[in-house]
Amino acid sequence: MDNLLSSWCTTVKSLPQNYVFPEDVRPGNQIVPIFNNCPVIDLEKAVSGDRNDVIQQILKACQDCGFFQVINHGVCEDLIDDTMGIVKEFFNMPNEDKVSLYSLDPQKSCRLYTSSFGYARESIHLWRDALKHPCHPLDEYVDLWPQKPPKYRDVVGKYTLEVRNLSLKILDMICEGLKLKPGYFEDELTGIQLLNLNHYPPCPEPSLALGVSKHRDPNTITILYQGNVSGLQVLKDRQWFGIEPFPNAFVVNIGQQLKVISNGRFESVEHRAVTNSKEARYTIATFINPRNDAVIEPAKELLEKDDCRPLFRTFRYKDFHHAFEQHRGEGEATLEVFKIKG
Ligand code: OGA
Ligand code: NI
C-alpha cells in the first residue's frame with residue numbers, strides 16, 4: 001500500500017531512480033506534435049444524416065489510423081462528468097478507505113495497484129496508480145466494486161452500461177461496413193468488459209518517466225475518456241504524436257483481436273501515456289474483450305469477398321493471452337505467433 005504513488009509522491013522533488021526509464025524509451029524533452037490526422041467522427045450523423053458515410057469514416061479511421069475520437073456519441077455528458085468526479089474522489093481518498101482493494105495479486109478481480117500488473121517483477125515502475133475491475137454483466141460484479149465514494153457503484157455502473165452500448169454501436173457499424181454477418185461481434189467477441197481507472201499524479205521529472213509504456217491493446221476495442229489533460233501519444237511512422245483531449249469526446253482504439261478479424265486491414269497502433277509536472281491526469285479506459293474461449297480468426301466473409309488468404313490462423317483468445325504473457329506483453333511478437341508464414 002505504501003507503494004501507491006498517492007502515498008508518497010508529493011513528498012519528493014526528484015524522480016526516484018526506479019522510476020527513471022532508459023534513454024531510448026523515456027519521453028525526453030523533444031516537442032511532440034499533435035496528431036492532426038486522428039479523425040473526429042460525429043456519431044449523431046449516423047442517425048440524423050448519412051449512416052453509410054459515418055460507417056465509411058469509421059472504416060477509414062480503423063485502416064489508416066487505428067485510433068479515432070467520437071463526439072455526439074450518446075453517452076450523457078453529465079454522467080461522464082459525474083464519473084470523472086467519482087474517479088478523482090476515489091484516488092484522493094485516504095489510504096484507510098482503499099486498503100481493502102489494494103493487492104499485488106494479478107488474479108484478484110477488483111484490484112487497486114500501482115505501476116503495472118507486474119510491480120514485483122519489474123525493475124522500473126510506471127508513474128500511475130490504477131483500479132481495475134470487471135463490469136459485465138453488472139449484477140454479477142458490482143458487489144466487488146469499491147463501496148466508497150458512496151456513489152461509486154451507482155454512477156460508475158451507469159457509465160459502464162452506456163459505454164458498453166457505445167462500443168457495441170461502433171462495432172455494429174464496423175460489422176455493417178465490412179459486410180460481416182449481422183451480430184458478428186455479439187457475445188463471444190465482446191462478452192468481457194473491464195474498467196481501468198488511471199491516476200497519473202503530477203510528476204517531478206516527466207521527461208524521464210512514463211505513465212504507461214508503449215503497447216498495443218490486446219483486446220477487441222478500447223474506449224478511453226481522457227478528461228481535459230493531455231498525455232496519450234501514438235506512434236506513427238516511428239514518431240510520437242499527442243492525441244488532443246476534446247471535452248466529452250471518447251478516444252476509440254482498435255485492439256489486436258480486431259486486427260486479426262479484419263485480416264490485417266485494421267491497424268492496432270502502439271501508444272503510451274506520458275506524465276506532466278503541473279496537474280494530475282485521470283483517465284477512464286473501458287476494455288471490451290473476447291471471452292476466454294472465443295474463437296478468433298480472420299472473418300470468412302472478408303476472405304471470400306476479397307478472395308484473399310488468411311494472414312492469421314484460428315485461435316482461442318486464451319491462447320493469445322498465454323502467448324502474450326510469454327512475450328511479456330510484447331504485442332507484435334505475440335501476434336507473430338499466430339501469423340501464417342509464407
Ligand atoms: C491503456 C492506455 C492510456 C491513457 O490503459 O491501455 O493506453 O492515457 N491508457 O491512460
Ligand atoms: Ni492502451
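These numbers come from the heavy atoms of this one structure, side chains and all, not from hydrogens, waters or symmetry mates. Whatever order the structure lists them in is the order used to number ligands and atoms, beginning at 1.
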Inset, instruction - For T283, counting its heavy atoms only, list the atoms of ligand 1 lying under 4.0 Å from any of them. - result: 4 (C), 8 (O), 10 (O)
Legend entry - Criterion side chain to side chain contact (heavy atoms under 4.5 Å, CB included) on Q63 and F266, from CA distance to verdict: CA-CA 4 Å; Q63 271 166 234; F266 292 174; 4.1 Å; yes
Inset, instruction - Work out the angle at the Ni ion (ligand 2) between NE2 of H215 and NE2 of H271, rounded to 10°. - result: 90°
Legend entry - H271, any N or O under 3.5 Å of ligand 1 N or O: yes
Inset, instruction - Give the numbers and elements of all ligand 1 atoms closer than 4.0 Å to a heavy atom of Y200. - result: 4 (C), 10 (O)
Inset, instruction - Using the ring pair (Phe, Tyr, Trp, His ring centres under 6.0 Å) rule, take Y119 and H125 through it: C-alpha gap first, then chi angles, then the decisive distance, then the call. - result: CA-CA 7 Å; Y119 184 90; H125 305 306; 3.9 Å; yes
Inset, instruction - Within a distance under 4.0 Å of any heavy atom of D217, pick out the atoms of ligand 1 and give their elements. - result: 6 (O)
Inset, instruction - Report the part of R281 in contact with ligand 1, treating N, CA, C, O as backbone and CB onward as side chain, heavy atoms under 4.0 Å; options are side chain, backbone, both, neither. - result: side chain
Legend entry - Which segment of H215 sits under 4.0 Å of ligand 1 when only heavy atoms are counted: side chain
Legend entry - Test item, N196 contacting ligand 1 (heavy atom, 4.0 angstrom): no
Inset, instruction - Give the name of the N/O/S atom in D217 that lies closest to the Ni ion (ligand 2). - result: OD1
Legend entry - Side-chain donor/acceptor of D53 to backbone N/O of Q56, under 3.5 Å: no
Inset, instruction - Tell me, with the steps shown, if E301 and K179 meet salt bridge (charged side-chain N to carboxylate O under 4.0 Å, His left out). - result: CA-CA 7 Å; E301 293 90 331; K179 302 195 166 58; over 6 Å; no
Inset, instruction - Check ligand 1 against F287 and write out every atom of the ligand that is under 4.0 Å from a heavy-atom position of the residue. - result: 1 (C), 5 (O), 6 (O)
Inset, instruction - Compare all side-chain heavy atoms of V337 with those of F320 and state whether any distance is below 4.5 angstrom. - result: no
Legend entry - Whether R316 side chain and A294 backbone form a donor-acceptor pair below 3.5 Å: no
Inset, instruction - Would you please say whether a donor-acceptor pair under 3.5 Å links the side chains of D217 and T222? - result: yes
Inset, instruction - Quick one: sort the F241 and F35 rings into parallel, tilted or perpendicular, breaks at 30° and 60°. - result: tilted
Legend entry - atom 3 (C) of ligand 1: the protein heavy-atom neighbour that sits closest, reported with distance to 0.1 Å: L232 CD1, 3.9 Å
